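Remember, it's a predicted structure, so these values are computed and weren't measured experimentally. Side-chain atoms are counted along with the backbone in the values below, which use heavy atoms only and exclude waters and symmetry mates.
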Amino acid sequence: RFKQATSLINRKHQEYHSRLKESLQENLERKTDLCDKVEQIAAKQCDTHGGWVDKTNQVLEIQKTWKTIGYAPKKENNAIYARFRKACDVFFSNKAGYYASAYEEQKENLKLKMEITEQAEAFSTSEDWKDTTTQLIRLQKQWKEIGPVPRRDSDKLWRRFRAACDTFFNKKSK
């Protein structure tokens, strides 16, 4: 009777550990798939803010999924986590680089638009209607060609530029 009881216990013990091993292996495979996805996302560069937002949402969703998956086998658990962490770090590093360069570009655009605004303000008091009109129209075209500026400066600078142009053209109309 004792032998039968211990055999039954041992069989259930072995079944439990084999199911646990399979479960750990499945978790490893799922985590490997998530690593592949993040690595693919990190490998592609985006040129737009919307693209980065979309990719960031994808990576954050993958990170949520990662947290729901249990452990992988002990031997591979640290390695797969390091791989996942590295892929996420590469993605967020690329994103930070994009936004840093975009900010630098916006600062340069701010300088250019500031110069255009100052020129328009200088022209706003002119009474040389023909030449000044041509100059202001040229400045307006240049303004449109220059890219975006930092958001906190955008509206204020635009109002200054618009006011300078309006001042001249209102005087011209009168």
Task: Atom pair CD/OG of Q119 and S124 - distance to nearest 0.5 Å - done: 12.5 Å

Task: Note, V90 side chain near E39 side chain (heavy atom, < 4.5 Å) - done: no

Open item on the list: Any non-hydrogen side-chain atom of Q45 less than 4.5 Å from a side-chain atom of W52?
Closed with: yes

- [ ] Determine whether Y81 and K31 make a side-chain contact, defined as any pair of heavy atoms from C-beta on separated by less than 4.5 Å.
- [x] no

Task: T117 side, atom OG1; R159 side, atom CZ - distance, nearest 0.5 Å - done: 12.0 Å

Task: Note, K21 side chain near H17 side chain (heavy atom, < 4.5 Å) - done: no

Task: Minimal non-hydrogen separation, D128 against S126, with atom names - done: N-OG, 3.1 Å

Open item on the list: Using modelled atom types and a 3.5 Å cut-off, is there a donor and acceptor pairing between side-chain atoms of S23 and backbone atoms of R19?
Closed with: no

TODO: Would you kindly confirm whether F92 and F84 end up in one hydrophobic cluster when ILVMFWY residues are joined by side chain heavy atoms under 4.5 Å apart?
DONE: yes

- [ ] Taking Y98 for its side chain and D47 for its backbone only, find out whether a donor-acceptor pair lies under 3.5 Å.
- [x] yes

Open item on the list: Quick check: do Y99 and H49 have side-chain heavy atoms less than 4.5 Å from each other?
Closed with: yes

Task: Separation of L34 CG from R83 CZ (nearest 0.5 Å) - done: 10.0 Å

TODO: State, yes or no, whether a side-chain contact exists between Q4 and F2 at a heavy-atom distance under 4.5 Å.
DONE: no

TODO: Enter the distance from D33:CG to T65:OG1 here, rounded to the nearest 0.5 Å.
DONE: 11.5 Å

Open item on the list: Can a donor-acceptor pair be found, under 3.5 Å and without considering hydrogens, that links the side chain of K44 to the backbone of K55?
Closed with: no

- [ ] Would you kindly say whether Q40 and D36 are connected by a side-chain donor-acceptor distance under 3.5 Å?
- [x] no

Task: Same apolar cluster: L20 and I9, side chain cutoff 4.5 Å - done: no

Task: Straight-line distance of E108 CD to E104 CD, nearest 0.5 Å - done: 9.0 Å

Open item on the list: Within this structure, what is the NZ-CD distance for the pair K37 and E61, rounded to the nearest 0.5 Å?
Closed with: 10.5 Å

Open item on the list: Between L28 and Y71, is there shared hydrophobic-cluster membership here, with clusters defined by ILVMFWY side-chain heavy atoms closer than 4.5 Å?
Closed with: no

Quiz: residues 136-155 side-chain donor-acceptor pairs under 3.5 angstrom, not counting sequence neighbours:
from, atom 1, to, atom 2, distance (Å)
R138, NE, Q135, OE1, 3.1
R138, NH2, Q135, OE1, 2.4
R152, NH2, Y103, OH, 3.3

TODO: Verify the cluster assignment for L24 and I80: are they in a single hydrophobic cluster under the rule of side-chain heavy atoms below 4.5 Å apart?
DONE: no

Task: Contacts of F123 that satisfy ring pair (Phe, Tyr, Trp, His ring centres under 6.0 Å) - sequence neighbours left out - done: none

Task: K171 atom NZ: more than 12 heavy-atom contacts under 6.0 Å - done: yes

